[in-house]
Number of protein chains: 2
Amino acid sequence: MRADARRNYERLLTEAGAAFGEKGTEASLEDIAKAAGVGVGTLYRHFPTRQDLILAVLRDRFEAMAATARDLTCDDPGRALREWLLAQLHHITATRGLTAELAVAVNNPESPLHGQCEALFSVSHDLLGRAKETGAVRPDLTQADLATIVHGIAWACESDPVRQERLLDLFLEGVLV
Amino acid sequence: MRADARRNYERLLTEAGAAFGEKGTEASLEDIAKAAGVGVGTLYRHFPTRQDLILAVLRDRFEAMAATARDLTCDDPGRALREWLLAQLHHITATRGLTAELAVAVNNPESPLHGQCEALFSVSHDLLGRAKETGAVRPDLTQADLATIVHGIAWACESDPVRQERLLDLFLEGVLV
DNA sequence: AAATATACGGAGGCTGCCTCCGCTTACGCA
DNA sequence: TGCGTAAGCGGAGGCAGCCTCCGTATATTT
């Protein structure tokens, strides 16, 4: 890849991330191109469809999430699981405007991003397995349950991390007495 | 209102409901007008903005929801609450494509639809109050918690009622052992 | 320095949004 | 029954964003 091409690619990715965060996935691609200082043609060559651009932005974010997962150093499996779910909530919120796309990727094996999810799934799987072994969580709980509820909560109070945490805890502890 | 105007209004509402259900809130308004057998001008006169049309469709759905609420006849307050939440899930799912709008209405007091929500809130409030009195649910639970989590779940598995029910039950019973 | 492969960018065709205004029609009144 | 008019109708047209296409510019190679 030529140097100028790489430079434009990076700038487009940065601007797209900002634009999607501000205006959601419907942000004008022409504006993104303009912000990156290139013509629309260049944008479309690098990212033939809006979807491609969204996916490229998300790919970046997955890295960060996976890094967080590796850094989890909590001994108590129950707590570790909670920490991990909370970290996911923060990441999803930081990816504002792309929550819906993320949820699709997580729930739909057809998604081109599903592969990226696998890495995160295996983290969840491990944490969940350990938590089950120690009897910290109910044995019928699945990793898919967790992924879905986390996205649901992130989406339902996108801009309010305090409520997110509260709902997560309600989910973990239960509502019925 | 003239008879023809009323007729067109109704048809537009019907077609809009169908279109939004199929294609989401981004459905083409020109197509909706065509489907209703009127020109776009007529559509825009009745519903000056897309938002107005969406809100009008939702208003209809709220009726149905309120009716369901009135029909709840379960003695055990804990069960009654669960039934009500489940009924809400079904209604929200039936309003496919408008879930996001609904969530906004519920969470944002500024929304023109917020008034419609009040009726439902009072039902929730009553059921929740009774459940708390009998000690069926934790006392710090709020009606807003319920509204938000129900929308989150409905959104996160929009097309899978079975998973919705499962997640609701996980939420009610809790995950930690 | 020349050759060439690669990338750039914006004009242009298309679709959908929304407005505006001349045409049509339902309805009340004689 | 027939007429006048307020109310309603509908689509042409201007605008914005999407995406394609291809002539021009430039990085890289020899």
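We name chains A, B, ... by the order of the sequence lines, and we start the count at 1 in each one.
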Decide, yes or no, whether a salt bridge links [X] with [Y] under the criterion of side-chain N to carboxylate O below 4.0 Å.
| X | Y | value |
| --- | --- | --- |
| A/Arg96 | A/Glu22 | no |
| A/Glu165 | A/Arg82 | yes |
| B/Arg166 | A/Asp140 | yes |

Considering every strand and a 4.0 Å limit on heavy-atom distances, what is the contact class for B/Val38: base, sugar-phosphate, or nothing? sugar-phosphate
Taking only N and O in the side chain of [X], is any of them less than 4.0 Å away from OP1 or OP2 of [N]?
| X | N | result |
| --- | --- | --- |
| B/Asn8 | D/dG8 | no |
| B/Ser28 | C/dT15 | no |
| B/His46 | D/dC9 | yes |
| B/Tyr44 | C/dT19 | no |
| B/Thr42 | D/dG8 | no |
| A/Arg2 | D/dT28 | no |

Can you tell me how far [atom2] of [N] sits from [atom1] of [X], to the nearest Å?
| X | N | atom1 | atom2 | value |
| --- | --- | --- | --- | --- |
| A/Lys34 | C/dG9 | NZ | P | 13 Å |
| B/Ile54 | C/dC17 | CD1 | P | 12 Å |
| B/Leu29 | D/dG11 | CG | P | 16 Å |
| A/Glu30 | C/dG13 | CD | C1' | 13 Å |
| B/Ile32 | D/dG11 | CD1 | P | 17 Å |
| A/Arg11 | C/dG9 | CZ | C1' | 15 Å |
| A/Asp4 | C/dG9 | CG | C1' | 13 Å |
| A/Tyr9 | C/dG9 | OH | P | 17 Å |

Parallel, tilted or perpendicular, judged at 30° and 60°: which one describes the rings of A/Tyr9 and A/His46?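 Ring orientation, 0 to 90° scale: perpendicular.
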#### Entry: Residue met sooner reading DNA chain C from 5', once B/Val40 and B/Arg7 are mapped to nucleotides
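By nearest-heavy-atom nucleotide position, the 5'-most residue is B/Val40.
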Nucleotide nearest A/Met1 (side chain, heavy atoms from C-beta), chosen from D/dA27, D/dG8, C/dA7: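 Among the listed nucleotides, the one closest to the side chain of A/Met1 is C/dA7.
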Between A/Ala27 and A/Arg45, whichever has its closest DNA chain D nucleotide further toward 5' is A/Ala27
_Using a 6.0 Å cut-off, check whether atom CZ of B/Arg79 has over 12 heavy atoms from anything other than its own residue._
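No, because the 6.0 Å sphere around CZ of B/Arg79 holds 12 heavy atoms or fewer from other groups.
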